[in-house]
Every structure is written in structure tokens, then in C-alpha cells.
Amino acid sequence: MKVVLEALEAGPLLRITFRALAWPFRWLGYKGDVNMPPVPRALTALGPAYIKFGQILSTRPDVVGDDMAVQLRVLQDKLPPFSMREAKAAIQRELGQSFDQLFASFSEPVAAASLAQVHKAHLAETGEAVAVKILRPGIERAFRTDIDAFYFAARTIEVLSPSSRRLRPMDVITHFEGVVMGELDLRLESSAAAEFAANTENDTGFQVPKVRWALSGRRVMTLDWAEGTNIGINDALDAADHDRVGLASRVLQLFLNHALRDGYFHGDMHQGNLKVAANGDIIAYDFGIMGRIDEYTRRVYAEILFGFIRKDYQRVAEVHFEAGYVPADRDVDEFARALRAVGEPIFGMDASRISMARLLSYLFEVTERFGMETRTELILLQRTMVVVEGVARSLDPHMNIWQVAKPVVENYIKESIGPKALMRDLGKTAMILARFGPQLPRLAEDALIRLNNPPPPPKPQRRIARLSWMALGGVLTGGAIWLINLL
């Protein structure tokens, strides 16, 4: 706790409060691996959901400090592995074939993260190198425990701090639960990898390993082996003569292209999931967390980015109001002025001189002042943007993200917002109407019948009885939920 508070530069009052709250629990719980640094050790001991949080922080040395970020990197792919005996048993149980019939060789774990570990193997039939990902034994139950604890914390926060309800903590945890549960079925990850590969097959300088469907199941997934240098090891990249400045720009532009162009992006792009091939291509793997955003949200997101790039804060504010991100009763001009205070200090400034911690703190103040609620559909997009920017800045500390993002956003705006996009939208609308064309006469006739023959109002006593049953049902449901939570 002391290390975390110091890294976040917490004030004296906050430090005293947290130490007082933590004191009764010092002798409880799992102690963790004593050979690990304090913070990674604590997060590992808490459970897999907390490790995910540590992975995000590991990409942001500008928030937690360089030393802390390096310590947290072990959470990306260097956690303690489970045994080879358990790994082989899981493969035979999942794939229904003898282990020796499938693989000519099978290495010790080459990477171990919060949910699974990866082995390098060679196929018995062809000798081709593959990566075999296997879920940790009992991981479903461990995550369920963490999620239940998060729900309890969210309920407690909503009760003790009514002002926090605009952040919708319960909805945030529900969203997180859905994302995590998807990670625990490797069949879904295999499907995500195949879709992502199809979307990006023409992206220059980017690779996605091919899925081996015959050797994949719910708890085991097999991909072609991707040889390369971890994108988080700068010394190794320099030794291989890779252009780190170019890599920094490309990783950010690739993410923006996938999010804006395809509406489907890698949602866990930390250094542990990215390699650089010998030819300089960026290789992505681990597709358990993928983000999807609809066309309307993409246009809103692009307009906001484009407005910041052009320093058109009035338009950025208007887009927020048009999309419903800011309550309609707030002042759009005041919001534009607050956004200018966010944007101006970082334009034209060397990235190494920007304090992301202070910037995020001010952004939080702005959202609170203008009553902005958490948008669950944007959580993964915003989280991934923070992670990707952190990865890019670790490669090039002086990168200007706005200049790098500008060509991608401008191209999307040109293609998706304007006369060409309007004609495309009208065409889609016409196609939908044409599909329902044969039913339009019947739909119009039904509407006229309902208009001319409205249903009779319910009798008072029947309405009262119905309301009474609804009230009783609500009491019984609430009591059941309370008992379930209590148990």
C-alpha cells in the first residue's frame, strides 16, 4: 500500500486514511510470492481480475512512474506457470487425442499470464511450429470470486457515495464481467482471431497468426507460432535495428484504423501481446478481449478526435451534447471552455513533458462538474486508447499523438462524414425499406385499425389488484436477491 500511494503521489490525508483502513487486514489473506516486488506480489495474491488492472498500469509509466511500470510488466506474461502435467492433461481432455499423437515436441511455458499460459510446440504430422494456449486450472472459479467482490464494492460505493452513481459502478462491473467471461472460452477467442485476421489482412506491417481449428477447443487454442521481439524491450529492438519511432506511430495508427474503419479492435494491446517480426511487422496475439463499436459511435468518436486535432473545442462540445454524453441542461459554451483547458496544454508540447496523471485528474473533474455519466459502450475503447498510447510512448517518449492520429482520423472523416457517407446511408435505408415493402400495406392497415379501435381502459379494481401483485412480486424478488447476496 505504501509503495502504491507514493507512486501515485497521494496526499498525507489519503495516506493516513488508507493505512488506517488496511491495518486490521495486515495478517489476513494470501501472502503471495515473496520474491516478487511488493505491488506485483499484492496484485497477484489478490487474484486474476486485479492482475488485469496491474497490466493496464504497466503501460503507463507517466502515471505510476518508470520503476513501478517495469515492476508491473511481470504481470503481462511472466507470472508463475502451472505444471506441465496439468497442461498435457488439459490438452488430452479437451482435444480427445493422445498428446504424443498431436505434438512431436512441447516446450516448458514460454509465457504465463493471469488466465492462461502458452507453450511452443511442433506438430507431429508436419513439424510446423505452433503456439498452444491453455487456460489455468480453476480460473473460472477464481474470476467468479473476484467479480463477486467487485459487485460488493460497487454496491457499497453507490450506498456510501450517492454522487458516484453517475459513474454507474454496477454497470461498469457488469461490462467487465461480460468481457472476462468471454476470455474464459477459447473457442470465442479463436473466432475473434479469425475475424480480426480477415479484417486486417491488407494492413501493411501487421500480422495476425493463423488459428489451427482442429487443435482448438474451449480450454485450449492453437495458433501458428509467431517469431519476433517483444515490443516492450527497447534494448532488444535497438539491437535488431528496428525503427522504434516508426513502430510507435504504426501501433497507434493501426489501433485507430481498426477502431474507426472496422469497428473491431484488439482490446488488450499491452506489450505482452505484441511482437516485432524480423522484417519490422507488428505481430498481435491474445485475442481474448476484443472491442466492437457501431457506426454511429465511431462517427462520434472520430468527430471528437478531429475536433481536438483542429482545436475546434466548440464543435467537440457540441458533439458531446448531440450524442447525449453531457446532460442537455448544461452550458455547451462552458463545456467548450473546459475542453480547451484540457487540450491546449498538450498541443505542441513534447510528450515526455506531459503529466498524464494530472491530465486524467482534470478530465475527471470536468466529467464530475458537467454531470457526465459513464458510457459502458465506450469503456473498452477508452481503456485500450490509454494502453496503446502508453505502448507508443514507451517506444518513442517524444511522440505527438495528435500528429500521428491526424491522417487516420482525417481519412475516416472524409470517407464516413460528408456527401459520400450520406448517399451510402440513404442507400442502406432504401434497402431496408425495400425488404419490408411487401408488408407495408398490412402494417399501415393494422395501425389504422388500432387508431380507430383503441383498447378499453382497465377497470380500477383490476388495476389496483395488478399493482398489488407487482408490488408483492417486487418485494419477493428483492428479498431473494438479498438472500442470494448474503449467502
Side-chain angles (χ1 to χ4, degrees), residues 95 115-116 118 123 126 128-133 178-179 181-228 231 247 249-270 272-299 301-302 377 380-381 383-385 387-388 391 407-409 411-412 414-416 420-421 424-425 427-428 431:
L95 302 181
L115 297 183
V118 177
L123 300 180
T126 63
E128 294 173 287
V130 293
V132 183
K133 180 176 181 178
V179 170
M181 291 303 120
E183 279 196 274
L184 298 178
D185 187 341
L186 296 184
R187 293 170 298 189
L188 298 178
E189 182 172 343
S190 298
S191 177
E195 181 179 356
F196 194 50
N199 286 348
T200 61
E201 62 181 345
N202 295 322
D203 286 357
T204 304
F206 187 68
Q207 298 180 25
V208 175
K210 179 183 175 183
V211 177
R212 299 288 181 137
W213 286 99
L215 298 175
S216 301
R218 189 176 70 85
R219 299 186 61 83
V220 175
M221 182 177 75
T222 305
L223 299 168
D224 284 350
W225 179 258
E227 193 65 53
I231 204 169
L247 287 172
S249 298
R250 197 186 327 150
V251 73
L252 181 61
Q253 290 181 340
L254 283 167
F255 164 72
L256 288 173
N257 255 322
H258 300 159
L260 296 177
R261 181 194 66 199
D262 306 326
Y264 193 61
F265 59 92
H266 195 304
D268 205 15
M269 288 184 69
H270 58 69
N273 291 336
L274 297 171
K275 288 182 179 180
V276 181
N279 65 353
D281 286 359
I282 293 175
I283 307 169
Y285 47 96
D286 194 345
F287 309 98
I289 301 179
M290 301 296 292
R292 196 184 296 276
I293 51 177
D294 59 43
E295 180 67 30
Y296 174 74
T297 304
R298 280 184 263 167
R299 293 182 184 182
Y301 182 62
E377 72 272 21
L380 186 55
L381 179 69
R383 167 197 181 258
T384 308
M385 186 69 190
V387 171
V388 170
V391 172
V408 177
V409 178
N411 184 63
Y412 177 80
K414 182 173 62 177
E415 293 293 325
S416 302
K420 187 187 296 185
R424 189 164 57 245
D425 291 344
K428 290 179 181 178
M431 289 177 63

Checklist entry - Is a side-chain N or O of His266 found less than 3.5 angstrom from the main chain of Thr384, in a donor-acceptor match? => result no
Checklist outcome for this item: dist Asn199:CG -> His258:NE2 (nearest 0.5 Å) comes out at 8.0 Å
Checklist entry - Where do Ala284 and Pro209 come nearest, in terms of heavy atoms and distance? => result O-CD, 3.1 Å
Next on the checklist: Does Lys275 form a side-chain contact (heavy atoms from CB on, under 4.5 Å) with Tyr285? I'd like the steps, not just the answer.
Outcome noted: CA-CA 8 Å; Lys275 288 182 179 180; Tyr285 47 96; 3.5 Å; yes
Next on the checklist: Nearest 0.5 angstrom please: Lys133 NZ to Glu189 CD, how far?
Outcome noted: 3.5 Å
Next on the checklist: Checking Leu247 against Val276 for the side-chain contact (heavy atoms from CB on, under 4.5 Å) test, could you report, in this order, the C-alpha distance in whole Å, the side-chain angles of both residues, the deciding distance, and whether it holds?
Outcome noted: CA-CA 9 Å; Leu247 287 172; Val276 181; 3.9 Å; yes
Item to check | For Met290 against Ala192, the heavy-atom pair lying closest together | outcome: CG-CB, 3.7 Å
Item to check | Heavy-atom pair of closest approach, residues Ala226 and Ile283 | outcome: CB-CG2, 3.6 Å
Checklist entry - Do you know which two heavy atoms are closest between Ala131 and Trp225, and how far apart they sit? => result CB-CE3, 3.7 Å
Item to check | Under 3.5 Å donor-acceptor, Thr222 side chain and Val132 backbone | outcome: no
Checklist outcome for this item: Separation between OG1 (Thr200) and CG (Asn257), nearest 0.5 Å, reads 10.5 Å
Checklist entry - Residues in side-chain hydrogen bond (donor to acceptor under 3.5 Å, both in side chains) with Glu128, at least two apart? => result Thr126, Arg212
Item to check | Nearest-0.5 Å distance, CG of residue Leu115 to CD1 of residue Ile289 | outcome: 7.5 Å
Next on the checklist: Please evaluate residues Leu381 and Phe255 with respect to the criterion side-chain contact (heavy atoms from CB on, under 4.5 Å), reporting the C-alpha separation (whole Å), side-chain torsions for both, the decisive distance (0.1 Å), and the verdict.
Outcome noted: CA-CA 10 Å; Leu381 179 69; Phe255 164 72; 3.9 Å; yes
Checklist entry - Which pair of heavy atoms, one from Tyr412 and one from Ala302, lies closest together, and at what distance? => result CD2-CB, 3.3 Å
Checklist entry - Are the aromatic ring centres of Phe196 and Phe206 under 6.0 angstrom apart? => result yes
Item to check | Flag, side chain of Asp281 to backbone of Gln207, donor-acceptor distance under 3.5 Å | outcome: no
Checklist entry - If only atom types and distance count, is the side chain of Arg298 paired as donor or acceptor with the main-chain N or O of Leu260 below 3.5 Å? => result yes
Checklist entry - Counting N and O atoms only, with roles assigned by atom type, does the side chain of Asp262 sit under 3.5 Å from a partner on the main chain of Tyr264, one being a donor and the other an acceptor? => result no
Next on the checklist: Please report the interatomic distance CE(Met385) to CG(Leu256), rounded to the nearest 0.5 Å.
Outcome noted: 5.0 Å
Next on the checklist: Within this structure, what is the CD1-CG distance for the pair Ile231 and Leu274, rounded to the nearest 0.5 Å?
Outcome noted: 5.0 Å
